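A quick note: this is a predicted structure, and the numbers were derived from the prediction, not measured. Per chain, numbering begins at 1; letters A, B, ... match sequence-line order.
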Amino acid sequence: MNLKGSLPALILETLTRGPSHGYEIAQTIKRKSAGVLDFKEGTLYPALHALERDGLISASESLENGRTRRTYTLTEKGLKNLEQERRQWQAYSGAISGILGGAS
Amino acid sequence: MTFETWFVFATKKIAESELPKLRNELENHFLDSIAAHLQAGRSRVEAERQAVLELGDPTGAARGFEHEYLTKRDWRRINTPTIFSRSIAILFVLIWWGFCEAIMPNLFSVFGDKANSTASIFRFMNISSFAVHGLLLLVQILRVRISAFQWRLCSASLDAILGIAGFFALTLMPAPFTLPLWIPWMVILLSGIAYSQSEVPLLRKLRSRA
């Protein structure tokens, strides 16, 4: 299963709860998947920056405890993309469940 | 391993211009991770050790970074006059083509109607690509301000279109009689296709910086 391919959709879904920064996004995905999905920095930040480049999320910088923090927010385009991803995933997982679920 | 050694290893191929943004993000992530471990009751040393472990394999991270960010190699490629030299090379080939056509005026008329229509296609391609590459060269000489992305996209698209069109046009031409024209054209057109293909990853990275 290509976990990396699903990361952009997982990031977008995480951001529907409100603006967030990289560490928080990674921790939310890890927690909600009960530790199964644990994306490292080498995967997470390129994916975040690719989403930003495609206009699906936007980033703003703020100063926090003397550190410059980048906070990511879901854009309108990102929300539309997420809805499309959700539909595709539901169709896909439904089809796989239909086959594997009946195998036993 | 410390954060610093991990970062140096994971970003050793990344261009200097990309490093500040990347360092800022990764450093914040690392410090957040330490803070979370300290909050969970671990000692400072153990928290730092865990945070480094959570950074993951630097080789894998390096692959991810190289795919998304400009590498030192990309940077060299952007700053070397590759397109400039390609335009000059193509112009020379086109001049050679025109020269062959001038000294062998009957070359295209001895094959009947098919050869004449083929010659028209070639003549059109020759004149149009001469004009476009001449313009590209002029733009570079005059240093017209356009972004690296727009510039490379224009050049790579042109090479891909010319390459594909030229390939089909060449298949119409009776090769044994046109070898002096056929070989340089074939070389330049196929290298054009290869060149435009190799530009795709770089164009993707430059798109966000346009």
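- Highest contact tally toward chain B, considering only A:Glu52, A:Glu61, A:Arg67, is held by A:Arg67 [criterion: heavy-atom pairs under 4.5 Å].
- A:Tyr45 has its side chain within reach of B:His29: a pair of non-hydrogen atoms, C-beta onward, lies under 4.5 Å apart.
- Proximity to chain B at a heavy-atom threshold of 4.5 Å picks out A:Arg70, A:Tyr72 from residues 70-83 of chain A, in numerical order.
- Distance CZ/A:Phe39 to CG/A:Leu44: 8.5 Å, rounded to 0.5 Å.
- Nearest heavy atom pair, residue B:Trp75 against residue B:Ala15, reads CB-CB, 4.2 Å.
- Heavy-atom neighbours of chain A within the stretch residues 45-53 of chain B, taken at a separation under 4.5 angstrom, comprise B:Leu53.
- Between chain B and the residues A:Glu24, A:Glu64, A:Lys40, the largest count of heavy-atom pairs under 4.5 Å involves A:Lys40.
- Contacts between A:Leu48 and chain B at a heavy-atom distance below 4.5 Å are absent for every atom of the residue.
- Taking the side chain as every heavy atom from C-beta outward, A:Ser6 and A:Glu85 never approach each other to under 4.5 Å.
- Across every non-hydrogen atom of B:Phe65 and A:Pro46, the tightest pair is CD2-CG, 3.7 Å.
- B:Tyr69 has its side chain within reach of A:His49: a pair of non-hydrogen atoms, C-beta onward, lies under 4.5 Å apart.
- Here the side chains of B:Leu55 and B:Phe7 are not in contact, with every heavy-atom distance at 4.5 Å or above.
- Within the 4.5 angstrom heavy-atom criterion, no atom of A:Asp38 approaches chain B.
- Other residues, nucleotides and ligands contribute more than 12 heavy atoms inside 6.0 Å of the CZ atom of B:Arg23.
- Residues of residues 25-35 of chain A lying under 4.5 angstrom from chain B, judged on non-hydrogen atoms, are A:Ala26 by number.
- Taking the side chain as every heavy atom from C-beta outward, A:Leu63 and A:Arg69 never approach each other to under 4.5 Å.
- Proximity of B:Leu26 to B:Phe3: side-chain heavy atoms (C-beta onward) are separated by under 4.5 Å at one or more points.
- Within the structure, ring-ring contact (aromatic ring centres under 6.0 Å, His included) pairs that include any residue of residues 38-64 of chain B do not occur (at least two apart or interchain).
- Between the side chains of B:Glu66 and B:Thr71, not a single donor N or O lies within less than 3.5 Å of an accepting N or O.
- Counting heavy atoms from C-beta outward, A:Glu13 and A:Thr16 have side chains that approach closer than 4.5 Å.
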